[in-house]
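Just so you know, these numbers use all the heavy atoms, side chains as well, and skip hydrogens, waters and symmetry mates. Reminder, nothing fancy here: chain letters follow the sequence lines and each chain counts from 1. These numbers were taken from a predicted model, which means no experiment stands behind them.
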Protein chains: 2
Amino acid sequence: MGEVRGFIRRTKQREVILRVLRSTRCHPTAEWVYQQVRRELPHVSLGTVYRNLRILSETGEVLELRYSKSYSRFDGVATNHYHFVCERCGRVEDVPMPVHEKMDRAVEQLMGVQVRQHRLEFYGLCARCLAADANSR
Amino acid sequence: MGEVRGFIRRTKQREVILRVLRSTRCHPTAEWVYQQVRRELPHVSLGTVYRNLRILSETGEVLELRYSKSYSRFDGVATNHYHFVCERCGRVEDVPMPVHEKMDRAVEQLMGVQVRQHRLEFYGLCARCLAADANSR
DNA sequence: ATAAATGCAAAGCATTTGCAACCAT
DNA sequence: ATGGTTGCAAATGCTTTGCATTTAT
């Protein structure tokens, strides 16, 4: 699947992409990253952005999050944490809750598998959309 | 986004699609469902399968699961439950563990949002792949 | 009778890839 | 100099959609 890469060169493009990703908490799409990177490197191509997002997820420097929309979002914080997704506006927020690694062990016992990690997402209405609801009522 | 539907007619196609989905625990792709349905309705079109999978997720009769692969998988069991995904062979299994609704309330308190549901997935190696590993060692 | 649903094929759209030029090592 | 990386554009592949026709109600 993922091809084996020899060594990885340091390039301006990848550097900027990673910096953009780490400087936001908005869980952006590839397109958004592309637009940001373009402000600094106007000739960067969308293909390069995708290629690097892929490489960075493979090396574990960023997290790729695929939701029920048709595109991925990326997270510059690669350590496992939970997300909240607003079903109305699509906003993705981090959930300030510790990761329950015990659950991994429980599933291993239960199913005879080996668990490396888990992913937990909450779906509902964000504070902003709730407030909008309250106002229009 | 989802268009509002008047009433929904009962059709042979949708009936078979739902039956196929409910008769397996393998969390199939749209393509797999299509192939199965074709055995019974040779002239069914892939478009119809997609259309109905969409309708059935919208009405909550099936669950659409989007993983890091490029395609969706569907689950004929629509009540919330957890999944285990094998990172080697791609197999998706149900996790026989009760759903922790308390977590939803905790996140609501923590973030001031409204949580409707959550989704929890475990990633690792399934029992079969572990066994294969042990044999080849 | 009426409008939802279908089959078919074309279109959409996010993502990937082939290739010649480029550049980090 | 070597081969990883880029920009560009074409290709891919899952999914959606337009339309004429069929079919459930």
Map B/Phe74 and A/Leu46 onto DNA chain D by nearest heavy atom, then report which one ends up closer to the 5' terminus. A/Leu46
From CG of B/Leu41 across to P of C/dC8 the rounded distance in Å is 12 Å
Could you state the CD1-C1' distance from B/Ile17 to C/dT6, rounded to the nearest angstrom? 11 Å
Donor-acceptor pair under 3.5 Å: do we get one between A/Arg51's side chain and the base of D/dG7? yes
Integer-rounded Å distance: D/dT16 C1' and B/Glu64 CD: 13 Å
Quickly work out the B/Arg73 CZ to D/dC14 C1' distance and round it to whole Å. 14 Å
Distance in angstrom units between A/Glu15 CD and D/dT6 C1', rounded: 15 Å
Just to confirm, is there a sub-4.0 Å distance from OP1 or OP2 of C/dA5 to any side-chain nitrogen or oxygen of B/Arg14? yes
Lys/Arg-Asp/Glu bridge criterion (N-O < 4.0 Å) met for A/Glu101, A/Arg105: no
Give the cluster check for A/Phe84 versus A/Leu130: same hydrophobic cluster or not, with ILVMFWY residues linked at side-chain heavy-atom distances below 4.5 Å. no
So, does B/Thr11 get its side chain near the phosphate of C/dA5, meaning an N or O under 4.0 Å from OP1 or OP2? no
What nucleotide among D/dG4, D/dT6, C/dA4 has an atom nearest to a side-chain atom of A/Phe7? D/dG4
Among D/dT5, D/dG7, C/dT6, which nucleotide sits nearest the side chain of A/Ile8? D/dT5
Quick one: is D/dT15 close enough that its OP1 or OP2 comes under 4.0 Å of any side-chain N or O from B/Tyr50? yes
Could you check if a side-chain atom of B/Leu53 sits within less than 4.5 angstrom of a side-chain atom of B/Glu64, using non-hydrogen atoms only? no
Rounded to the nearest Å, what distance is computed from the CD atom of residue A/Glu58 to the P atom of nucleotide D/dT5? 11 Å
Contact under 4.0 Å: A/Thr48 side-chain N or O vs D/dG7 OP1/OP2: yes
Determine the contact category for B/Arg9: base if any of its heavy atoms lies under 4.0 Å from a base atom, sugar-phosphate if only primed atoms, P, OP1 or OP2 are that close, otherwise nothing. base
What is the distance, to the nearest angstrom, from the CZ atom on B/Arg10 to the P atom on D/dT25? 7 Å
Could you please name the option among D/dT25, D/dG7, C/dG7 that lies closest to any side-chain atom of B/Ser45? C/dG7
Would you classify A/Gln13 as touching base, sugar-phosphate or nothing, given that sugar-phosphate means primed atoms plus P, OP1 and OP2, and contacts are heavy atoms under 4.0 Å? sugar-phosphate
Report the distance from atom CG of A/Asn52 to atom P of D/dG4, rounded to the nearest whole Å. 15 Å
Establish whether A/Tyr34 and A/Leu21 are linked, either directly or via other cluster members, by ILVMFWY side-chain heavy-atom contacts under 4.5 Å. yes
Are more than 12 heavy atoms from other residues, nucleotides or ligands located less than 6.0 Å from atom CZ of A/Arg19? yes
